[in-house]
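What follows is a single structure, written as structure tokens, with notes after it.
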Amino acid sequence: MFTIDKITEKRVREAIKRGEHLDGRDLMEFRPIYIEKGFSPVAEGSALVRFGDVRSTKVLAGVKCEVEAPYEDSPDEGFINVMVERMPYASPFKMRELDDEDIIISRVVDRIIRSSEAIPFEELVIEVGKHVWGIYVEMDVLDDFGNVMDAAGLAAMAALMDAKMPIVRREGEEIILDDSERVPLKLLKRPVTISFYRIDGHRLVDPLFEEEHVADIRLTFGVTERGEICGIHKSGPGLFTMKEFEDLVDNAIRLSNYLRKRLERILKIAS
Amino acid sequence: MVNERLLKSLINPELRKEGKRHDGRRRDQYRDFEVLIGVVERAQGSALVRLGKTHVLAVVHGPYEAPRHVALPDRAILNVVYRTVTYAVMKRKKPTISKRERELSRIIREALEGVVFLDRYPRSQIDVYVYVISSHGGSRTTGCTAAALALADAGIPMKDLVIGLAGGKVEGHVVVDLDDIEDKIGDADLPLMYLPNLKKLSMIQADGIFTRDELIAAVRAVVDRIEKGLYPTIRETIMRKYGSDSDVYDR
């Protein structure tokens, strides 16, 4: 992790002490969230998620479905692959290549979707041991103004909910994909990703970029619509008590409903 | 996986009789065109250009001090990186840099180098990232338009805009703006990058066989559509963001 300059850091700490974000929001309040689906019409599914009106964090997610050979240890299951990459200059610190943070975000979002059992992998088999569906969720961060983690989690789900798969037909040994007819990708659950940050003992959600880099802890939860926790990840050097943790779990479940509502409402309007 | 004959058979014969193309366009008609400027807020300049289902995002960073071993004493280095995101194409693209991406990075750089006043920024570097986020034919020309617009948005002085559009030959007829399907069933493809005020070409490529007359006709048709179609749209978008129409642009 790198550091923010001292003056900005002071401003952040003062605002947090007053109980608000740098932009005046309550600590536990999100920026306005906008989801636009079908942003990349050639992809099977896609969505652009924006957090905020100006200086907004923007994540573009695209889904590709490919017929692939299954992994050796699971010949009767399809698979998913999630990848996040911040475009160069999406962040003020040059990132020409994939850095650790990109990998962490990819891994966390991947784990949350996978372990929520949202995708019925056993139904994504075309022929056991030979052909299965590989679902690639790839995300490009256009602007990092803080909280890419939650934006990426939301973008991945929005793109998956937008995804329509081609139909598979068999002609003898050959596999033919029929693009003229498409079926929506079956999703059993709708997990959302929600992260809590801590600055000087105060906890907050959806930090701005400057706040994110002052925080000493980021604790990310995946939450399904049934209120199940389907993934946890902690970043940053800070320590926390059991009580703090329990409190965050309750808050995660409460706030996840808000995020899921955004996800469902916007997709409904667009379609 | 693409079967040329199958694609051809899908074209509605009624459309063909009326002299129209597979998607109902006239032969000199380009796809829906839309320009958004300043979409990436972190960047000094950015533009998203949509031409039908082809969407390209360009981002500019710089000018900034170039690393000493590459810096030039009399002008800036223009660094163009063209990438196709993995989900932008029909068959998922491998994330590694392909030869095609290298070629197009260079093509776009060369189309812009003669237009940007690089000598205003000695020992500097300007980065232009061109990301194809949805690819359906004409991504290099659309990419060039986006790159030039992003440079303009970054306030980097240029002689003129550079606007790209492809022409070509499909089923024996000269057409403007081939989409992905026409690219596959077509006989020839002719991407152009054009300076609408100076009335000069900054890049041309061709793939396929043209007779002399066809070639001239195709170039003229494309230039005509840039001058009368794309350029006014782009100009209007820039004006809407950056000020009144009576300004220097009229000269």
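Chain naming here is simple, since letters A, B, ... match the order of the sequence lines and numbering starts at 1 in each.
A donor-acceptor pair shorter than 3.5 Å cannot be found between the side chains of N79(B) and Y129(B).
For Y71(A), the side-chain contact (heavy atoms from CB on, under 4.5 Å) partners at least two apart in sequence or on another chain are D73(A), S74(A), F79(A).
In this structure, the portion of S135(B) lying under 4.5 Å from any heavy atom of chain A is its backbone and not its side chain. When heavy atoms are compared at a cutoff of 4.5 Å, E66(A) approaches chain B solely by way of its side chain, counted from C-beta outward. Contact of V81(B) with chain A is not made at all, since no heavy-atom distance falls under 4.5 Å. Contact of V63(A) with chain B is made through the backbone alone, with heavy-atom distances under 4.5 Å. Contacts of R50(B) with chain A are made by side-chain atoms alone, with heavy-atom separations under 4.5 Å and no backbone atom involved.
No other option in S46(A), S56(A), G45(A), A61(A) has as many heavy-atom pairs under 4.5 Å with chain B as S56(A). Chain A forms more heavy-atom pairs under 4.5 Å with one residue of A43(B), S46(B), A88(B) than with any other, namely A88(B).
Using a 4.0 Å cut-off between charged nitrogen and carboxylate oxygen, K164(A) and D162(A) count as a salt-bridge pair. Taking a cutoff of 4.0 Å between a charged side-chain nitrogen and a carboxylate oxygen, K99(B) and E103(B) do not qualify as a salt bridge.
Put simply, the side chain of R25(B) gets close to the backbone of D177(B): a donor and an acceptor are under 3.5 Å apart.
Screening D150(A), L142(A), D206(A), V148(A) for a side-chain contact (heavy atoms from CB on, under 4.5 Å) involving T57(A) leaves a single residue, V148(A).
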